[in-house]
Protein chains: 2
Amino acid sequence: MSGDMKGQTWNQHVVKKENKTLVLQTIKEKAPISRASIAQVTGLNKGTVSSLVSELIDEDFIHESGTGESSGGRRPVMLLLNEKAGFTISVDLGVNKILGVMTDISGNRIMEKEINVDDNSVYNVSDDLFSLIDHLKEQAPSSRYGIIGIGVAVPGVVTTEGEILLAPNLGWKKVQLKDMLYERYKLPIIVENEANAGAYGEFIYGAGQNSKELIYISASIGIGVGLILDGKLYKGLRGFSGEFGHMTIEKDGLACRCGNRGCWELYASENALLEASEQHGLKNHSITDLVTKAEMRDTNALKVFEQIGDYLGVGITNIIHIFNPEQVIIGGSLAEGIPLLLPSIKKRIKQNAIGFNLDDVHLNEANLNKYSVVLGITAFNIENFFRSTVKEVSNGV
Amino acid sequence: MSGDMKGQTWNQHVVKKENKTLVLQTIKEKAPISRASIAQVTGLNKGTVSSLVSELIDEDFIHESGTGESSGGRRPVMLLLNEKAGFTISVDLGVNKILGVMTDISGNRIMEKEINVDDNSVYNVSDDLFSLIDHLKEQAPSSRYGIIGIGVAVPGVVTTEGEILLAPNLGWKKVQLKDMLYERYKLPIIVENEANAGAYGEFIYGAGQNSKELIYISASIGIGVGLILDGKLYKGLRGFSGEFGHMTIEKDGLACRCGNRGCWELYASENALLEASEQHGLKNHSITDLVTKAEMRDTNALKVFEQIGDYLGVGITNIIHIFNPEQVIIGGSLAEGIPLLLPSIKKRIKQNAIGFNLDDVHLNEANLNKYSVVLGITAFNIENFFRSTVKEVSNGV
DNA sequence: TAATCTTTGTTTATTCAGTAGACAAACTTT
DNA sequence: AAAGTTTGTCTACTGAATAAACAAAGATTA
């Protein structure tokens with residue numbers, strides 16, 4: 001009816017929609033909060049807030065929760081997000097295991113299930129994935145909005161349309177996972193790259209909550225990077241940004257299966273760590289083994305971590321130069337070794353990064369641990385839900 | 001009075017402001033255009049468009065320009081941007097010369113002046129800069145809004161507040177150029193990094209007009225990069241993004257004066273080109289000399305361009321992997337040699353870049369030539385003007 | 001304890017921008 | 001000349017925000 005191609009048109013419906021979202025957002029962030037405080041924080045008129053709040057209550061998005069402390073006058077009625085108004089199902093589809101969680105619309109984990117996978121064929125994995133989702137879905141408490149969305153993170157190249165073009169470590173090519181899931185569940189579906197999801201998870205619920213410019217490094221078998229720029233996930237033209245694993249840090253260095261040479265992930269990933277440890281006489285060790293050895297002051301293990309940390313530092317220095325970020329967060333399976341890697345990472349960065357950019361940046365470990373990725377998916381699910389639902393309900397009823 | 005900290009509040013004033021801007025934008029882009037067409041394109045009601053248009057005419061932003069062709073009914077009255085409602089002064093402050101242009105608010109160049117500089121001290125340059133601006137300012141035609149803004153691009157690190165922290169090739173540190181200019185002219189001032197300005201210039205007026213994701217490489221003495229992401233200039237936390245010149249492409253490679261090692265600009269800038277040519281026995285040649293020689297099939301000169309192009313390709317491959325851009329534009333003084341560099345750049349990229357990302361990207365030469373940077377500044381000036389003025393006038397009168 | 005002051009939240013009258021639709025003007029087609 | 005189209009303006013209406021009055025419920029003070 002309106003809002004064509006470019007530059008949406010503004011009318012009072014849009015105004016109401018935006019203000020309602022603003023009120024809801026304020027409650028989400030500052031709950032418990034009174035109507036009066038919302039008016040003060042947002043700058044909206046008290047009457048406007050009252051009327052929007054009563055709509056939100058009717059729609060079960062929020063509810064009152066008794067009175068708060070008086071500050072010298074009538075005691076305020078506090079408002080809370082109605083966390084149990086709906087639930088999400090979010091899955092981290094890894095190479096060796098699949099982690100699925102159910103959360104409420106506030107992002108609290110209600111239930112989770114993890115299964116191991118050895119056969120990575122599309123057929124087998126999708127079977128496992130479906131039964132995992134079915135299992136979570138069956139046990140969802142009843143609620144006004146039910147399951148509000150299902151999302152899956154995959155270690156691969158995903159288009160903005162949710163098609164998996166390539167997932168090398170799964171051996172997948174051109175898999176229409178989003179369509180498959182929609183076909184089966186008829187619910188809003190999200191399929192997203194694993195590094196992007198991890199970045200968003202840490203941004204919304206984790207170490208990056210107060211940074212608008214943050215770079216999340218997912219260092220596992222390979223390296224993927226998720227970019228939060230200007231407070232939004234940056235995906236590039238078709239969704240393929242963040243292929244930092246294939247950034248050349250040694251011109252004409254080692255040949256990568258991607259066709260490039262000297263790729264960062266050949267020197268600084270979990271794979272690189274394991275290879276380096278073999279070269280130092282530590283064969284068939286897992287990361288956990290190596291961490292244990294290094295903690296017991298094994299010289300070879302220590303050397304390996306120092307070497308990998310140094311290479312990580314080279315790439316991170318590049319990241320700092322390129323983005324002038326506020327925060328760089330390291331996640332993925334390699335994060336297990338962070339305490340051992342950090343000294344040499346920091347040494348390299350301090351030596352090599354330009355002062356101005358270095359001064360601005362904080363280097364941190366992901367603090368949601370194995371949940372970074374699933375919770376990113378959860379955040380996508382919830383955002384999607386509020387964006388589409390808050391408005392339609394208010395117009396529709 | 002409203003619209004506090006986060007999440008602006010929406011009311012009818014905002015609606016009008018946005019719709020008015022939308023109408024103006026539509027006229028800028030599609031002029032000459034009738035009221036009826038604007039209504040159709042924007043989705044706004046015919047009456048709304050009529051009333052907004054009549055305000056814009058009162059404010060001299062646009063004017064009617066006779067009737068257009070009938071399409072089977074009453075002939076439309078065509079609307080045009082009133083290009084001469086105001087003028088900008090935009091300056092590209094280079095190491096060897098200063099280029100200043102005056103443009104109208106449509107970005108047409110009205111006048112220009114270029115001067116050479118040999119003493120780069122702040123004192124001397126600011127003197128030259130002031131007299132250059134004075135000269136342009138004096139000759140500005142009289143107009144409703146006069147000089148709407150003054151902007152300067154500098155080859156250095158500029159904060160979001162317009163302070164020049166460091167301009168190594170000028171030998172400047174901590175120069176409050178924005179304040180100095182405001183003190184003198186009491187007009188809206190912009191001070192911006194040269195690569196950022198170049199990127200914006202090509203984005204608005206040049207080769208990148210239809211790309212929302214574009215990377216501009218300013219290859220001169222060093223390398224700077226301007227990032228247009230999601231249709232906006234990306235500046236990072238404090239404005240220091242795009243320091244691609246100091247991206248490591250050879251770990252522990254050549255030492256750079258920035259403190260890092262193996263920086264891209266040591267291998268792929270104008271400086272690198274000149275050094276490489278000396279190593280090939282071509283001493284004291286300018287780029288122009290080398291281009292001439294190479295065009296006459298001088299083997300050494302050809303080799304030099306091939307080598308530098310190859311290194312450029314390495315960095316551009318990284319850029320393609322990192323951003324999944326729609327377009328990469330090469331500008332700066334090195335662009336003079338583009339026809340000679342392109343073959344080896346393209347060869348490297350085709351060999352090394354990941355297919356998905358490679359398929360999306362177009363590699364182009366800047367097409368505004370020496371005006372990329374000044375016109376970027378012009379675009380900033382104009383945007384600033386419309387953002388602040390369109391609205392205040394309509395509320396204020 | 002009573003009177004007064006504060007804060008919270010609702011209600012009412014008002015303002016203002018966009019919309020739909022009628023209408024007039026100007027043109028084309030039959 | 002009559003009928004149909006397109007453009008642009010005008011009028012009545014709608015709906016959302018606002019300011020201000022008001023009611024409710026508490027704190028403070030004498």
Side-chain angles (χ1 to χ4, degrees), chain A residues 1-4 7-23 27 32-58 62 64-79 391 394-395 397, chain B residues 1-4 7-23 27 32-58 62 64-79 391 394-395 397:
Chain A
M1 39 164 62
S2 78
D4 275 27
Q8 142 169 49
T9 79
W10 300 89
N11 56 34
Q12 45 198 353
H13 295 104
V14 179
V15 168
K16 180 166 182 183
K17 198 178 66 183
E18 294 292 337
N19 282 338
K20 197 164 164 184
T21 304
L22 177 62
V23 168
I27 294 170
I33 187 173
S34 68
R35 290 167 175 82
S37 302
I38 295 173
Q40 223 196 336
V41 168
T42 60
L44 289 166
N45 182 279
K46 286 194 298 173
T48 308
V49 171
S50 257
S51 105
L52 293 175
V53 160
S54 88
E55 281 188 29
L56 288 169
I57 289 176
D58 286 348
I62 60 175
E64 300 186 334
S65 73
T67 52
E69 281 304 292
S70 160
S71 61
R74 172 173 165 181
R75 292 166 63 188
V77 177
M78 304 313 263
L79 300 166
K391 306 158 184 188
S394 63
N395 289 342
V397 174
Chain B
M1 43 163 59
S2 78
D4 275 29
Q8 146 171 47
T9 78
W10 300 91
N11 56 33
Q12 46 200 350
H13 295 104
V14 179
V15 168
K16 182 168 180 182
K17 196 179 68 183
E18 294 290 339
N19 282 339
K20 198 165 163 183
T21 304
L22 177 62
V23 168
I27 295 170
I33 187 173
S34 68
R35 290 168 176 80
S37 300
I38 294 173
Q40 223 196 339
V41 169
T42 60
L44 289 166
N45 183 278
K46 286 193 298 173
T48 307
V49 172
S50 257
S51 105
L52 293 175
V53 160
S54 87
E55 282 188 29
L56 288 168
I57 289 176
D58 286 347
I62 59 174
E64 300 186 333
S65 74
T67 51
E69 281 304 291
S70 160
S71 61
R74 173 172 164 181
R75 292 166 62 189
V77 177
M78 302 315 262
L79 300 167
K391 306 159 185 188
S394 62
N395 289 339
V397 175

Asker: Which nucleotide wins on minimum distance to the side chain of B:Ser71, given the candidates D:dT9, D:dA17, D:dT7?
Answerer: D:dT7
Asker: If each of A:Val15 and B:Pro76 is mapped to the nucleotide of DNA chain D with the nearest heavy atom, which maps nearer the 5' terminus, i.e. the 5' end?
Answerer: B:Pro76
Asker: Measure from CG on A:Leu52 to C1' on D:dA17 and round the result to the nearest Å.
Answerer: 10 Å
Asker: Give the minimum heavy-atom separation between B:Ser34 and B:Pro76, together with the two atoms involved.
Answerer: CB-CB, 3.5 Å
Asker: Separation of A:Leu44 atom CG from C:dG9 atom P, in whole Å?
Answerer: 15 Å
Asker: Report the residues that fulfil side chain to side chain donor-acceptor pair (under 3.5 Å) with A:Thr67, sequence neighbours left out, ordered by chain and then residue number.
Answerer: A:Arg75
Asker: Measure from CD on B:Gln40 to C1' on D:dG8 and round the result to the nearest Å.
Answerer: 14 Å
Asker: Measure the spacing between CD1 of B:Ile27 and CZ of B:Arg35 and express it to the nearest 0.5 Å.
Answerer: 8.5 Å
Asker: If I take atom CG in residue B:Leu22 and atom P in nucleotide C:dG18, what distance separates them, rounded to the nearest angstrom?
Answerer: 11 Å
Asker: Hey, does A:Leu79 have a side-chain heavy atom less than 4.5 Å from the side chain of A:Ile38?
Answerer: yes
Asker: Measuring to OP1 and OP2 of D:dA17, would you say a side-chain N or O of A:Asn19 lies under 4.0 angstrom away?
Answerer: yes
Asker: A:Val77 near the nucleic acid: base, sugar-phosphate alone, or nothing, with a heavy-atom cut-off under 4.0 Å?
Answerer: sugar-phosphate
Asker: Starting at atom CD1 of A:Ile33, determine the distance to atom P of C:dT8, rounded to an integer number of angstrom.
Answerer: 11 Å
Asker: Taking the side chain as every heavy atom from C-beta outward, state whether B:Val23 and B:Ile62 have any pair of such atoms under 4.5 Å apart.
Answerer: no
Asker: Which whole-number value in Å describes the distance from B:Asn45 CG to D:dA12 C1'?
Answerer: 13 Å
Asker: Within the structure shown, what part of the strands sits under 4.0 Å from A:Ser34 by heavy-atom distance: base, sugar-phosphate, or nothing?
Answerer: sugar-phosphate
Asker: When the distance from CD of A:Glu69 to P of C:dT8 is rounded to whole Å, what number comes out?
Answerer: 12 Å
Asker: Nearest to the side chain of B:Ala36 - C:dG18, D:dT7, C:dG9?
Answerer: D:dT7
Asker: Give a yes/no on whether any side-chain N or O of A:Ser51 is located under 4.0 angstrom from OP1 or OP2 of D:dA16.
Answerer: no
Asker: Could you pull out the closest heavy-atom pair between A:Gly72 and A:Ser70, with the gap in Å?
Answerer: N-OG, 2.9 Å
Asker: Can you give the donor-acceptor pairs under 3.5 Å from side chains of residues 44-52 of chain B to other protein atoms, not counting sequence neighbours?
Answerer:
residue: B:Asn45; atom: OD1; partner: B:Gly47; partner atom: N; Å: 2.7

Asker: Can you tell which of C:dA17, D:dG8, D:dA17 lies closest to the side chain of B:Lys16?
Answerer: C:dA17
Asker: Whole angstrom is fine here: how far is it from CD1 in B:Ile38 over to C1' in D:dT7?
Answerer: 12 Å
Asker: Nearest of C:dG9, D:dT7, D:dA16 to any side-chain atom of A:His13?
Answerer: D:dA16
Asker: Taking only nitrogen or oxygen atoms into account, show me every contact under 3.5 Å that the protein makes with nucleotides 23-27 of chain C, one pair per line with its distance.
Answerer:
residue: C:dA26; atom: N3; partner: B:Arg74; partner atom: N; Å: 3.3

